[in-house]
Number of protein chains: 2
Amino acid sequence: MATSTVENYLKHMLLLSEGGEELVSMGALAEALAVVPGTVTTMVKALADSGHVEHRPRQGVRLTAEGRRVALNVLRKHRLVECFLVNVLKMDWAAVDTEAEQLEHAISDEVLDRLDALLGHPETDPHGDPIPSRQGKLDSQVYATLATCVVEKPLRIVRITDQSAEFLQFVEHNGLLPGESVRVTERNLASGLVTAKKTAGRPLVLSLAAAGKILVQPTR
Amino acid sequence: MATSTVENYLKHMLLLSEGGEELVSMGALAEALAVVPGTVTTMVKALADSGHVEHRPRQGVRLTAEGRRVALNVLRKHRLVECFLVNVLKMDWAAVDTEAEQLEHAISDEVLDRLDALLGHPETDPHGDPIPSRQGKLDSQVYATLATCVVEKPLRIVRITDQSAEFLQFVEHNGLLPGESVRVTERNLASGLVTAKKTAGRPLVLSLAAAGKILVQPTR
DNA sequence: TTAGTTATTTTGATTAGTCAAAATAAACGT
DNA sequence: ACGTTTATTTTGACTAATCAAAATAACTAA
Ligand SMILES: [Mn+2]
Ligand SMILES: [Mn+2]
Ligand SMILES: [Mn+2]
Ligand SMILES: [Mn+2]
């Protein structure tokens, strides 16, 4: 069995490679895992020995098919657990990522299946993050963000790509939850500011950095 | 934070001391934790340094107030998780102990409280094991067993004190679940056999060893 | 092309948890 | 009371995961 450390390494590689093709740098992985780069190099070599990754020295690392399989299973657990915590236990959506970070390593595949059924086989977690299917299929659709979308077009918020409690609280406080309707009324590259408007409510000003973390879809 | 290894050591000390007063031997602890005795000695000395236990060299070990507090919290998590797995996820009661062994270290106190509320503040787990209260109170009532009870008296089964899947499956298959009514019709010390009868159904023969794991209460 | 900057790897050390096997202490039986 | 059995402790070694700091390779800008 993979230790929870190994599971975290593999999961973060998956998240950093946007689907699994590109090489992930040691630095990026060290940053994501909050360890020093030397630790990552050592661990990656061990993961290469166990067949979970392919290591290109001084270039980066990528998951093998087996490594990807393990990573997808952990990610599925993480996101289904978040659904459970929010939908069943009614926990704050800003707090569940931290909880799921532990639980993803503690629940069995049997519990995973039953949670999935209990929740009605959800396709996304409370933040709009897609849940890998039991067969290992992960939706990789590319969305526009409030920083890149067309101005004045009616949009639906589909996903928030920042799990930090502060950002999620900000998003919730301003009613920008996944599913909500919104449109961008103004975007100024010079000042780096974006103005968004919900159907009802006063206009909201965001930095481009913040706007880029809110994924949207044209309302069909 | 206590590691899951430390939590397991403390929890098993609590279980082996029947409430917390008696000294627990290194050997018993090693057996329960499936490690060699030398490992326990080393670990117990570390736990003494951290103030979780009091170590009497060559005699045994006992929990301090702080160690007991931690142990009760872990035990509460274990048993509430078992309730959740059986009552909500409808898992097999013979399988949940293994699951809970991992989950007891992964859920936060926040999740614990919400699970407790969701389940309606149960007092016992699916095996009849008492759940420590939030305040750390653990029911220590002493019950008779099918090996010690009065013959022919109507009884109610209250608890099964063996978490092994094989024994639990046997118990379930023979309808000896907690809450069921039963009486002992015969007990023969020489042969070591006990005959039990449910209100409806054919008589069931058990060894004294097996009968001793089924706790009962006179039907009031 | 050469010096400087940055990322990665290597080396040596540390901590938690474990085992095997030897040493020691206590208990037991005659 | 003395040798034997049993439980416990000690010692030395190992694995997984980590960091600090030095070494190295690769890129970058003049
Ligand atoms: Mn994790
Ligand atoms: Mn999420
Ligand atoms: Mn456990
Ligand atoms: Mn139980």
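Order of the sequence lines sets the chain letters (A, B, ...), proteins ahead of strands, with each chain counted from 1.
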For this session: Find the distance A:L47:CG to D:dA16:P and express it as a whole number of Å.
Result: 12 Å

Problem set entry | Earlier contact from the 5' end, DNA chain D, for B:P37 and A:S4 | B:P37

Seminar exercise, completed: Atom CG of B:L29 and atom P of C:dG17 are separated, to the nearest Å, by 14 Å

For this session: Quickly work out the B:L10 CG to C:dG17 C1' distance and round it to whole Å.
Result: 15 Å

Exercise. Taking B:H12 for the side chain and B:N8 for the main chain, is one N or O donor matched with an acceptor at less than 3.5 Å?
Worked result: yes

For this session: Kindly point out which of D:dT9, D:dA17, C:dT9 is positioned nearest to the side chain of A:V6?
Result: D:dA17

Exercise. Are side-chain N/O atoms of A:E7 and A:N73 paired as donor and acceptor at under 3.5 Å?
Worked result: no

Exercise. Roughly how many Å is it from CD in B:Q59 to C1' in C:dA27, rounded to a whole number?
Worked result: 13 Å

For this session: Look at B:H55 and D:dT9 and indicate whether a side-chain polar atom (N or O) is within less than 4.0 Å of OP1 or OP2.
Result: yes

Exercise. Cut-off 3.5 Å, side chains only: do B:S108 and A:E99 have a donor facing an acceptor?
Worked result: yes

For this session: Sort and list the pairs that fulfil side chain to side chain donor-acceptor pair (under 3.5 Å) and have at least one residue in residues 27-39 of chain A, not counting sequence neighbours.
Result: none

Exercise. Which heavy atom of A:V184 sits nearest a heavy atom of A:C149, and at what distance?
Worked result: CG2-SG, 3.6 Å

For this session: Output yes when a side-chain donor or acceptor of B:R62 lies under 3.5 Å from a complementary backbone atom of B:V24, and no otherwise.
Result: no

For this session: Quick one: stems involving DNA chain D, counted as three or more successive Watson-Crick or G-U pairs, both distances short of 3.5 Å.
Result: C:1-30 with D:1-30

For this session: Quickly work out the A:E7 CD to D:dA17 P distance and round it to whole Å.
Result: 11 Å

Problem set entry | Results of ring pair (Phe, Tyr, Trp, His ring centres under 6.0 Å) for B:H105 - residues two or more places apart only | none

Seminar exercise, completed: Residues passing the side-chain hydrogen bond (donor to acceptor under 3.5 Å, both in side chains) test with A:N174, sequence neighbours excluded, are none

Problem set entry | side-chain contact (heavy atoms from CB on, under 4.5 Å) against B:D139, all qualifying residues, sequence neighbours excluded | B:P130, B:Q141, B:Y143

For this session: Let me know the distance between CG of A:D49 and P of D:dT15, rounded to the nearest Å.
Result: 14 Å

For this session: Measure from NE2 on A:H105 to C1' on D:dA16 and round the result to the nearest Å.
Result: 16 Å

Exercise. NZ of B:K45 versus P of D:dT11: gap in Å, rounded?
Worked result: 8 Å

For this session: Let me have a per-nucleotide readout for nucleotides 18-24 of chain D, 5' to 3', with B, S or -, counting only protein heavy atoms under 4.0 Å.
Result: SBS---B

